[in-house]
Each structure stands twice: as structure tokens, then as C-alpha cells.
Number of protein chains: 2
Amino acid sequence: MCPVRQLNIFKQLPSELVNAIENYRTEQITLPAKTFLYKQGEEHTNTYTLFSGWVMLYKTLDNGSRQILRYALPGDFLSFQADLNSPINHSAQALTECSFCVFPRQSILQMFDQHPELASQIAWITARDMSLSHEYLVNIGRKNAKERMAYLFLDLYHRLCTQMEHQEQTIPFPMTQEDIADTIGLTLVHVNRTLRSLREEGLIRLAHHRLTILDYPTLAELAGFTRPADSQPQPLL
Amino acid sequence: MCPVRQLNIFKQLPSELVNAIENYRTEQITLPAKTFLYKQGEEHTNTYTLFSGWVMLYKTLDNGSRQILRYALPGDFLSFQADLNSPINHSAQALTECSFCVFPRQSILQMFDQHPELASQIAWITARDMSLSHEYLVNIGRKNAKERMAYLFLDLYHRLCTQMEHQEQTIPFPMTQEDIADTIGLTLVHVNRTLRSLREEGLIRLAHHRLTILDYPTLAELAGFTRPADSQPQPLL
DNA sequence: TGTACTTATTAACTTAAGTTAAAGCCGTTT
DNA sequence: AAACGGCTTTAACTTAAGTTAATAAGTACA
């Protein structure tokens with residue numbers, strides 16, 4: 001049984017409701033790093049919540065290039081899309097070993113039926129993801145290489161800290177420089193150059209898949225990063 | 001009373017439900033072109049559905065630049081954000097004269113209470129907007145100027161056609177070249193150059209705020225545009 | 001019907017980021 | 001510990017897009 005209680009999606013629900021949900025059959029699965037949870041173009045019948053590990057979500061273009069849409073962290077809700085009957089429009093690939101709770105469409109349908117509060121939680125979560133997606137639009141559309149990278153680092157740093165009560169300046173960083181490039185709309189080579197420059201200015205340290213924020217204020221100023229309001233799920237309206 | 005029945009958000013609801021909703025007090029307002037529905041940083045207590053006209057939604061950066069997030073077309077749902085208690089994180093400005101249905105937070109709260117199906121409609125709509133936002137991330141992050149512009153034109157063309165049973169190759173185009181620039185992450189001057197090039201290749205005509213698609217297949221190929229599945233609201237799960 | 005303002009157009013020049021290519025590094029496997 | 005593969009780093013060169021600036025064309029309204 002999946003430890004449902006700690007997931008974002010269920011965090012603010014009254015506990016008798018959570019108990020009810022735990023009684024639905026939900027499967028828990030584990031994936032090794034680099035494997036796919038699902039691939040763009042597949043039919044999908046499940047939705048997932050990420051329980052542990054990092055997942056990257058991306059779209060692939062006809063010309064073979066890739067745009068990473070989002071890094072999913074523990075608690076995030078995956079594979080929810082407007083048209084559940086169409087093939088899924090992006091891929092989800094594990095960056096580290098990951099575990100998920102699986103909700104077959106049928107279970108969700110039943111849960112919605114019996115506990116309509118859930119739908120408003122889903123709306124809430126989708127709206128929060130939307131807001132993140134808008135931030136990244138601004139980031140890619142209107143900032144230069146250093147600013148984009150600083151923003152990416154701070155966003156991940158913050159999302160991880162709020163998720164995990166994690167309070168160091170160092171976070172795990174499982175992505176490669178190519179992943180960074182495909183996230184912020186640059187090339188691998190330019191990411192490397194920019195990284196060097198941030199390093200030489202003493203703003204960050206990034207090595208062996210660990211990122212350290214050395215000068216938070218300067219980095220935040222550079223990124224145009226304003227600490228997001230601490231966003232716990234809450235009654236929608 | 002707002003002609004609620006035709007709005008996206010209510011389209012698939014059973015008609016006795018729509019009747020119930022029409023009984024809530026909803027105000028209808030009209031705004032002239034170039035005025036604001038709301039501005040980034042304001043507290044907001046209403047949500048809106050756009051009934052007629054075009055609205056642009058954008059974020060403003062500290063350095064004064066602007067990233068347009070989305071053009072809202074008739075039927076779209078506005079000002080819904082994850083944290084309804086925080087100041088709104090973007091601005092909404094009318095591009096043409098617009099009319100809206102206003103739903104005070106209190107009305108929505110009541111409606112949700114009595115008709116939980118509404119929440120899943122909201123989730124559906126938010127997920128659809130999310131998908132559009134992802135498309136634009138790909139567009140800005142991984143395409144060159146001509147491709148981005150071709151994509152923007154085709155997206156608007158399609159969204160307008162599905163909305164309005166509009167079946168010409170010419171659509172109204174109320175934005176300036178500066179607006180285009182702030183949508184696809186380019187400068188005004190480069191937009192003008194790119195526009196000329198598309199015009200010289202006989203792909204489009206754009207003048208006096210009207211856009212004509214002259215060579216759809218070539219434009220679609222260039223943009224990497226695949227016609228989105230006709231996305232009518234539908235039962236969520 | 002002219003004046004004022006906003007939008008569009010073009011040219012000349014600069015620069016940030018892309019491309020290609022070659023080494024070097026690191027972790028894993030045998 | 002050698003050999004392999006995937007990452008990272010750097011350099012040299014190219015180019016797409018940015019900048020600045022000047023002119024022209026629309027549009028609104030007094």
C-alpha cells in the first residue's frame with residue numbers, strides 16, 4: 001500500500017477522507033534511473049504520484065531535439081493531461097531511482113465520485129504547475145544565459161527545501177549539463193561556459209551531481225528570483 | 001445576466017446544472033481596448049470568463065521587460081491561480097473591446113459546494129491551458145525565429161477556428177509586432193525581419209491587423225505544428 | 001486637415017549564443 | 001588496471017539574433 005498520506009495531492013484533505021482513499025487499491029512501483037515511466041505518444045491509463053526520486057518530463061520534436069518541461073520532485077502528480085483519451089504528449093524519465101504510487105484511471109474515477117473534494121485538489125495542483133510553467137516561459141523568453149541558469153538552480157533549491165525540510169545550501173543534482181541545456185533553451189557548450197562563469201564568480205559549486213548555493217543573495221538578484229509564497233495545498237476557493 | 005451556457009467552462013455540464021448556475025448572481029462587464037482587467041501584484045477576488053474579444057496575459061520583470069504568457073480568446077477562463085490569497089502574478093490587458101462574465105469568489109465557492117462537477121471542469125480547463133503553455137515552452141526554447149512565428153500564427157488560427165466555426169484563412173490579428181516579440185522571445189526588430197521573410201516566401205499576409213494564412217502546409221511543416229486533437233471539454237476521468 | 005503619437009520598416013553594426021572538434025575526466029565493467 | 005562509454009571542458013570560428021538609429025506609414029483626434 002502506498003503511503004498516500006504524505007503526498008501533496010492529499011495533504012490538506014481531512015483524515016477520514018485519506019483513510020477512505022487508502023482503501024482503494026493503489027499499486028506502488030519502483031523504477032531504476034534512466035528508465036521511462038511513460039513515453040510521448042503512448043496510450044496511458046494511469047496517473048502517478050512521485051513518492052521518491054527525481055523525474056524529468058520532456059517533449060521531443062520532429063527534428064530530434066528535446067525540451068524539458070519540468071523536473072518532478074517527491075509529492076508531484078504526473079501524467080495528468082486534459083484529454084485522457086489521447087496519447088500522452090510528453091515523456092517521463094527517471095533521473096534517479098524512483099518510486100511511485102499508481103492510480104489506475106478507474107480508481108480515480110471512483111474516488112472522484114465518492115469524494116468530490118479531490119477534484120478541487122487536482123485543480124489546485126494543476127494551477128500550481130501552471131504557474132511554474134509560466135515562470136519558465138519568462139525565464140527562457142526574456143533572460144540571458146546566466147540569469148536562466150541562476151533561476152533554474154534557485155527554483156530547484158527551493159522546491160527541494162520546501163518539500164523536504166532540507167536546510168543546507170547543498171542539494172542533490174542528478175541532471176547532466178545537457179539536461180540543463182534542454183531545460184533552459186541553450187546548447188550544451190554554452191551551458192558549460194555559463195557554469196564556469198558562475199563558478200568563477202563564486203556563486204555556486206556544481207560537481208559530482210551535487211549543487212551548492214554559495215551566494216544566495218547575488219544569485220537571487222541575478223535570476224530575478226523572488227521566493228514564492230510557501231505554497232501548501234489549501235482549500236481552493 | 002451573463003450568457004453562461006456558451007462558455008467553455010460550462011459546455012459539457014448537464015443543462016439542469018447550467019440552469020442552477022445561471023441563478024447565481026454573475027455580473028457582466030465590458031472593457032475598452034488597451035485597458036486592464038487586472039494588474040500583476042493586485043489582490044483579486046474575482047475570476048472571469050471572457051465572453052468576447054481578445055485579452056493578453058503577461059508577466060512583467062524587474063528590468064521592465066515583458067513576457068506574454070497567453071492570448072485569451074472567447075470562452076477562456078481568467079485569473080484562476082493556485083494561491084487565491086496571494087496577489088495575482090500576471091496582468092490581463094484587453095487587446096480589443098472585451099466583455100466578461102464575473103464570478104465573485106463567493107459565488108464560485110457556493111457553486112462548488114452545491115455542484116462538485118464544476119471543480120473537475122476547472123481541472124480540465126487548467127490542464128488544457130497547461131498543455132498550451134508547454135507547447136510555448138518548446139516553441140521558445142527549441143525553435144528559431146521563423147519557426148516560432150509560424151507556430152504562433154497557426155496556434156491562434158486554430159484556436160480561433162475551433163472557437164468560432166470560423167472557416168476562412170483570414171483571422172483578426174489585434175497584436176502589434178512588439179506584442180509578437182514579447183510572446184515568442186525575440187526583439188521587435190527581429191520580428192519585423194522574420195515577418196518580411198515569411199511574407200516574401202508567400203506563406204502569410206499580415207497587414208492592418210488581419211492575418212491571412214496563404215500556405216498552410218508549408219507553414220505547418222515549418223512550425224512543427226500538428227493539429228491538436230479537437231479538444232472539447234469532456235468528463236475528466 | 002494638420003499635428004501628435006504609435007506602429008512599422010530598413011540599414012549598419014555588435015554580440016551572445018551556436019557549431020565543430022579535440023582532449024580530458026570519471027565511473028564501471030571485465 | 002586497462003578499456004570503454006558517457007560526461008565535461010576548452011578553443012576557434014560562425015551565425016542568428018540583438019542594438020541603435022533614422023525614416024516612413026498609419027491612426028486618432030482636435
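Throughout, protein chains are lettered first and strands after them, A, B, ... in sequence-line order, and every chain is numbered starting at 1.
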Neighbour count above 12 (heavy atom, 6.0 Å) for B:N63 CG: yes
With sequence neighbours excluded, residues passing ring pair (Phe, Tyr, Trp, His ring centres under 6.0 Å) with A:F173: A:F153
Earlier contact from the 5' end, DNA chain D, for B:G185 and A:L188: A:L188
Atom pair distance, as rounded to whole Å: NE2 in B:H190 and P in C:dT10: 15 Å
Sugar-phosphate only, base, or nothing, as touched by B:L186 at under 4.0 Å among non-hydrogen atoms: sugar-phosphate
B:S99 versus B:S52, side-chain donor and acceptor atoms under 3.5 Å: yes
Nucleic acid contacts - residues 140-155 of chain A versus DNA chain C, non-hydrogen atoms under 4.0 Å: A:N144, A:A145
Side chains of B:T212 and B:T170, donor plus acceptor under 3.5 Å: yes
Backbone of A:K34 reached by a side-chain donor or acceptor of A:Q93 within 3.5 Å: yes
Sugar-phosphate, base or nothing in reach of A:T176, heavy atoms under 4.0 Å: sugar-phosphate
Residue closer to the 5' end of DNA chain C, B:K34 versus A:T194 (nearest nucleotide): B:K34
Below 4.0 Å: OP1/OP2 of C:dT9 and any side-chain N or O of B:N192: yes
Test side-chain contact (heavy atoms from CB on, under 4.5 Å) applied to B:D155 - qualifying residues, sequence neighbours left out: B:L132, B:Y136, B:Y151, B:R159, B:F225
Residue pairs, two or more places apart or on separate chains, that pass salt bridge (Lys or Arg N to Asp or Glu O under 4.0 Å) and touch residues 35-60 of chain A: A:K59-B:E135
Letter per nucleotide, 5' to 3', of nucleotides 20-30 of chain C [B base touched, S only sugar-phosphate touched, - untouched; heavy atoms, 4.0 Å]: B------S---
Listed partners of A:Y38 passing ring pair (Phe, Tyr, Trp, His ring centres under 6.0 Å), at least two apart: A:H90
Closest approach of B:Y58 to B:Q40 (non-hydrogen atoms, all atoms of both residues): O-OE1, 3.9 Å
Flag, side chain of B:D179 to backbone of B:T176, donor-acceptor distance under 3.5 Å: yes
side-chain hydrogen bond (donor to acceptor under 3.5 Å, both in side chains) against B:D182, all qualifying residues, sequence neighbours excluded: A:R142, B:R66
Exam field: side chain A:T194 to backbone A:H190, donor-acceptor pair closer than 3.5 Å: yes
Pair listing, salt bridge (Lys or Arg N to Asp or Glu O under 4.0 Å) test, anchored in residues 195-206 of chain A, at least two apart: A:K146-A:E201
Closest approach of B:L186 to B:R148 (non-hydrogen atoms, all atoms of both residues): CD2-NH1, 3.7 Å
Residues that B:F36 engages under ring pair (Phe, Tyr, Trp, His ring centres under 6.0 Å), provided they are two or more places apart: none
Sugar-phosphate only, base, or nothing, as touched by A:R193 at under 4.0 Å among non-hydrogen atoms: base
Rounded interatomic separation in angstrom, taking CG from B:L195 and C1' from C:dT9: 11 Å
Note, A:T47 side chain near A:L78 side chain (heavy atom, < 4.5 Å): no
Degree of bending in the helix from C:dT1-D:dA30 to C:dT30-D:dA1 once both end axes are built from five pairs, to 10°: 40°
First and last nucleotide of DNA chain D, 5' to 3', lying under 4.0 Å from heavy atoms of chain B: D:dA17 to D:dT27
Nucleic acid contacts of residues 56-64 of chain A, taken as heavy-atom distances under 4.0 Å to DNA chain C: none
